[in-house]
Amino acid sequence: MPEATLHVGSGKVRELFAVDGDRLLLVASDRISVFDVVLPTEIPDKGRVLTGLAGFWFARTHQIVPNHLLSLREDGRSTECRRLEMLPIECVVRGYLAGSGWKSYRESGEVCGQRLPEGLKESEQLPEPIFTPTTKAHEGHDEPLDRAGAAALIGEERLDEVERASLALYRFASDHAVSRGIILADTKFEFGVDGDGTLVLADELFTPDSSRFWPVDSFQPGRPAPSFDKQYVRDYAESLGWDKTYPGPELPDKVVTGTRRRYLEAFERLTGIPFAAYAADPQVVLA
Ligand code: PZK
């Protein structure tokens, strides 16, 4: 990381550095969080899998909406990107009813102010994918926004633009993923605006940390679906009777190995590229 200097931010498992006035470096670590707690044990190659997947999707969706990706570094875990003015909302698209969307529907029949048909079950596919934006919480949890709430933050016109882009991105990736045996239950995008006022897709894209990936053949409406990547970790953590507060448990080798295999499998299924080829030359995902 020779020319990257100033640390400008941290996520739970990623770091952001300033390269210069116009460029940032996004570095994905091998840390893993479960039930919102970062565990003391890392999953080798997780950061490279997520960076490679995001690069793959950025390269394939720039016709839908321009994005911040400038280059992937040789380490496979660092992305150089354009520095943008970020919009103050998280853009979520849901194709299936899970997580906070399911909770909200069960309590009110609505998600982000949108009424859904009656009688839907947990994990069920929605009649149409829905756009369910949230606030960006600095600490604690993001809060759902209805249309008026989102428009108050970014304006009606920008809201229409991010909604259209988000739904188009979701449809594109979800069709691709399902043909490779993975359901993209829901996903989160972050957008920014460049110096010309053009909307630009930022952050990570269709990674297992920003999306719910489910194996096509092992989910069933009426109960929570297993996570493609984190299910071994969740099952292990639950088996300990851990209360899901900090600090989380160390993971045994078997759980680490099984989880690493799942990340690599998601990468290979979705990209069609052997992970070893990515490790040897990260540019392969951009072709
Ligand atoms: C930006 N984050 C969240 C992500 C972190 C923090 N292209 C951009 N321009 C300006 N700001 C951001 C981005 C992007 N992406 C993203 N915060 C600011 C975030 C990952 C690690 F520490």
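Both ligands and their constituent atoms are indexed starting at 1 by order of listing. Treat the numbers as computed from the prediction; the structure is a model and nothing was measured.
- Neither the backbone nor the side chain of Glu190 comes within contact range of ligand 1; no heavy atom lies under 4.0 Å.
- Atoms of ligand 1 lying under 4.0 Å from any heavy atom of Gly9, numbered from 1 in the order shown and given with element: 22 (F).
- Both tests pass for Arg262 against the ring of Phe228: distance under 6.0 Å to the centre and angle within 45° of the axis.
- Considering only residues two or more places apart in sequence or on other chains, Thr271 meets the side-chain contact (heavy atoms from CB on, under 4.5 Å) condition with Leu53, Phe56, Phe267, Ile273.
- Separation of the Phe206 and His176 ring centroids does not fall under the 6.0 Å cut-off.
- Of all protein heavy atoms, the one closest to atom 10 (C) of ligand 1 is Leu84 O, 3.2 Å.
- One option in Leu26, Asp194, Leu16 has a heavy atom closer to atom 20 (C) of ligand 1 than any other, and that option is Leu26.
- What sits closest to atom 13 (C) of ligand 1 on the protein, heavy atoms only, is Met86 SD, 3.6 Å.
- Looking at Arg14 against ligand 1, both its backbone and its side chain come within 4.0 Å, counting heavy atoms.
- For atom 7 (N) of ligand 1, the closest heavy atom belonging to the protein is Arg82 O, 2.8 Å.
- Residues Thr132 and Arg94 have side chains that bring a donor and an acceptor to within less than 3.5 angstrom of each other.
- Near Ser10, with a cut-off below 4.0 Å to any heavy atom, the atoms of ligand 1 are 5 (C), 22 (F).
- Protein heavy atom at the shortest distance from atom 5 (C) of ligand 1 is Gly11 N, 3.5 Å.
- Scanning the protein heavy atoms around atom 3 (C) of ligand 1, the nearest turns out to be Asp203 OD1, 3.9 Å.
- Scanning both residues, Arg82 and Asp194, for their nearest heavy atoms gives NH1-OD2, 3.4 Å.
- Listed by number with element, the atoms of ligand 1 under 4.0 angstrom from any heavy atom of Arg83 are 9 (N).
- Residues passing the salt bridge (charged side-chain N to carboxylate O under 4.0 Å, His left out) test with Asp281: none are found, sequence neighbours excluded.
- Residue contacts with ligand 1, taken as heavy atom pairs separated by less than 4.0 Å, involve Leu24 solely via side-chain atoms from C-beta onward.
- The pair Arg147-Glu156 meets the salt-bridge criterion, with a side-chain N (NZ, NE, NH1 or NH2) lying under 4.0 Å from an Asp/Glu carboxylate O.
- Taking the six-membered ring where the residue is Trp, Phe17 and His7 present tilted rings, their angle falling between 30° and 60°.
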